[in-house]
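A short write-up of the structure that comes next.
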Amino acid sequence: MEMFERTYIEEARHRVGERITLAGWVSRTRDLKKIRFIVLRDRTGEIQVVVKPDTPEMFNLSLGREDVLSVTGKAVESDVAKAGVEFLPDGIEVINRSQQPLPVDILENKKSDLDTRLNWRFLDFRSPTTNAIFRVQNALVTAFRDYLSGNGYMEFQPPCIIGSASEGGADLFAIPYFEKMAYLAQSPQLYKQMCAMSFEKVFTITPIWRAEKFNTPTHLNEIRQMDIEQTFADDETVMDVLEKTLVHMLEEAKEKTADQLELLGRELTIPKTPFRRVTYTNAIEMLQGAGEPILWGDDFTKTQEALLTELVGDEAFFLKDWPGEQKTFYAMPYDKEDERDARYLEETYGSTEIGDRLVRAFDCLYGGIEISSGTMRIHLPELLKERIRYKGLNPDNFEYYVGAFRYGAPPHAGWSIGLERITMTVTGQSNIRECCMFPRDRDRLVP
RNA sequence: GCCCUGGUAGUAUAGUCAGGCCCAGUAUGUCCGGCUGUCACCCGGACGAUCCCGGGUUCGAAUCCCGGCCAGGGCGCCA
């Protein structure tokens, strides 16, 4: 293909009168007896190309949807065209043809089913709604990375293939690894803690896998996590980081993808910091007061999370001080013998006794769903082993983990945001598959 | 893994409850023709469906029954 100097459509609007070359896809054509309109699209927008019969080589050129063209000519202002600017070509080159008809309706006249669109995902990306979702997602990712990089956090890359299967909870995917068995990582947890113990403030954006046989609109077997970890920090330290990071992400999305959010019908409100801190115990009381059959110690269902959001009345808030049995073994328990912990427990609960059952873990709810959770970690090997036993697990199976804290481990804490989950909330989607370019669920492995 | 609902042209749907009137209707699409600068252009014509797969009931099945696969939703599960 002959190379040419290309101008993007958005830029062309500001270069009226200059001879330039556009390149992109045919969105649709409107052919009349004495005039022809070709709607050309590139990553920056659409423009109407106007062809008159006095140029028969262009007027009679056969064109189909999604054919790839380069069009040379000039943009002109027009009071007839709805967009205000249109394009008068002096040459059109067909760079590649698209097969017809298209297997999905990317103009969304008769919007194809999600399953059909996922089968043709590369074409679906060209439809306005899908395109907008991933542009918003990109703005969120970029803002996450920029905010943390700008505040002294170092990005690191954890391994995705791991050797140990002895991690209590979720099911792992086993894969053959030469003469051994290996597993797909279901969390960068240990790795981010190990990195933090040298680099102090770290973050990563990494895929994780869970072999859970869940089959819901909010679960995938492969997701991307945005994680941070930092030293000399407790749960409140990183909750503060979380709310600032989240607000920055939302502000950036609102500013950088205003057009996309409008197309998606989203009016983003930026929650005010600091977010309200609601204790788990208080949340249980609120739900019980609303007639929910829930007991202290239970986890919240999705409906209860939504109801709680209504009761709290804030778009974003924290749920903190969880019962130890609800959270992972490495969550730091309160210590009522510690002076500061005792004062906090006394102020919050009127007694220090409950401290024996609470850990310094938190969830962040935004728009009615849990988008992030985190904890202050246990950095003391003996306490860690005690908590592993408390959870009914065998400390011998966790020696690889406990051992990482024997050589000068400072107190530390961290959290994790699910990328697809937050994209769902921000873009207003109810199925998480809409928010993952190539989702992996229980049945789907392609494309 | 359980429950509910569904699977019909490229896409999206009607028809299924009450089997025959359906060699399957409509919209959109594709192709062809026509046409006041259109903008979801419009108008006309044509094309396009093993009615998800397998089995059964029946004179007769898109329609009823059984099994399977897949999809959407609800629940469960969830470091």
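Every chain is numbered from 1, with letters handed out A, B, ... down the list of sequences. Bear in mind the structure is a predicted one, so any value in this text is a computation, not a measurement.
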Taking only Lys NZ, Arg NE, NH1 and NH2, and the carboxylate oxygens of Asp or Glu, determine whether [X] and [Y] approach each other closer than 4.0 Å.
X	Y	value
A:Asp441	A:Arg444	no
A:Lys244	A:Asp240	yes
A:Arg433	A:Glu420	no
A:Arg277	A:Glu243	yes
A:Lys320	A:Asp363	no
A:Arg406	A:Glu399	yes
A:Glu18	A:Lys74	no

In whole Å, what separates the [atom1] atom of [N] from that of [M]?
N	M	atom1	answer
B:rC59	B:rG44	C1'	44 Å
B:rU11	B:rC43	C1'	23 Å
B:rU58	B:rC65	P	16 Å
B:rG29	B:rG20	P	33 Å
B:rA62	B:rU8	P	15 Å
B:rU5	B:rC17	P	15 Å
B:rC64	B:rG7	P	10 Å
B:rU63	B:rA9	P	15 Å

Which of A:Arg28, A:Arg97, A:Arg41 passes salt bridge (Lys or Arg N to Asp or Glu O under 4.0 Å) with A:Glu66? Answer is A:Arg41

In terms of the nearest nucleotide of RNA chain B, which residue is placed more toward the 5' end: A:Pro101 or A:Arg117? A:Arg117

Considering heavy-atom distances to RNA chain B, does A:Trp120 or A:Asn215 have its closest nucleotide positioned more toward the 5' end? A:Trp120

For A:Lys327, report the nucleic acid contact type (base, sugar-phosphate, nothing); a contact means any heavy atom under 4.0 Å. nothing

Write down the partner of [N] under the Watson-Crick or G-U wobble criteria, each distance required to be under 3.5 Å.
N	result
B:rC23	none
B:rG67	B:rC53
B:rC39	none
B:rC77	none
B:rG29	B:rC47

Given atom [atom1] of [X] and atom [atom2] of [N], what is their separation to the nearest angstrom?
X	N	atom1	atom2	answer
A:Trp209	B:rC78	CH2	C1'	18 Å
A:Leu384	B:rA79	CG	C1'	13 Å
A:Asp115	B:rG6	CG	C1'	13 Å
A:Leu118	B:rG72	CG	C1'	12 Å
A:Ile106	B:rU30	CD1	P	11 Å
A:Leu393	B:rA79	CG	C1'	11 Å
A:Asp298	B:rC77	CG	P	11 Å
A:Asn119	B:rC70	CG	C1'	11 Å

Closest listed nucleotide, where the reference is the side chain of [X] and the choices are [options]:
X	options	value
A:His219	B:rA71, B:rC78, B:rG74	B:rC78
A:Gln186	B:rC77, B:rA79, B:rA12	B:rA79
A:Glu212	B:rC78, B:rA12, B:rA71	B:rC78
A:Asp113	B:rC77, B:rU13, B:rA79	B:rU13
A:Ser112	B:rU11, B:rG72, B:rG76	B:rU11

Do any of residues 412-447 of chain A sit with a heavy atom less than 4.0 Å from RNA chain B, and if so which? A:Asn431, A:Arg442, A:Asp443

Nucleotide by nucleotide, nucleotides 36-48 of chain B touches protein heavy atoms under 4.0 Å in the pattern (B base, S sugar-phosphate only, - none) SBBBBB-------

Check whether A:Thr231 reaches the backbone of A:Met197 with its side chain - one donor and one acceptor, N or O, closer than 3.5 Å. no

Assert yes or no for the condition that the ring centre distance of A:Tyr280 to A:Trp296 is strictly below 6.0 Å. yes

Pair A:Phe362 + A:Phe318: ring centers closer than 6.0 Å: yes

Does the ring pair (Phe, Tyr, Trp, His ring centres under 6.0 Å) test come out yes or no for A:Phe203 and A:Tyr153, once each step is laid out? CA-CA 6 Å; A:Phe203 76 94; A:Tyr153 291 76; 7.2 Å; no

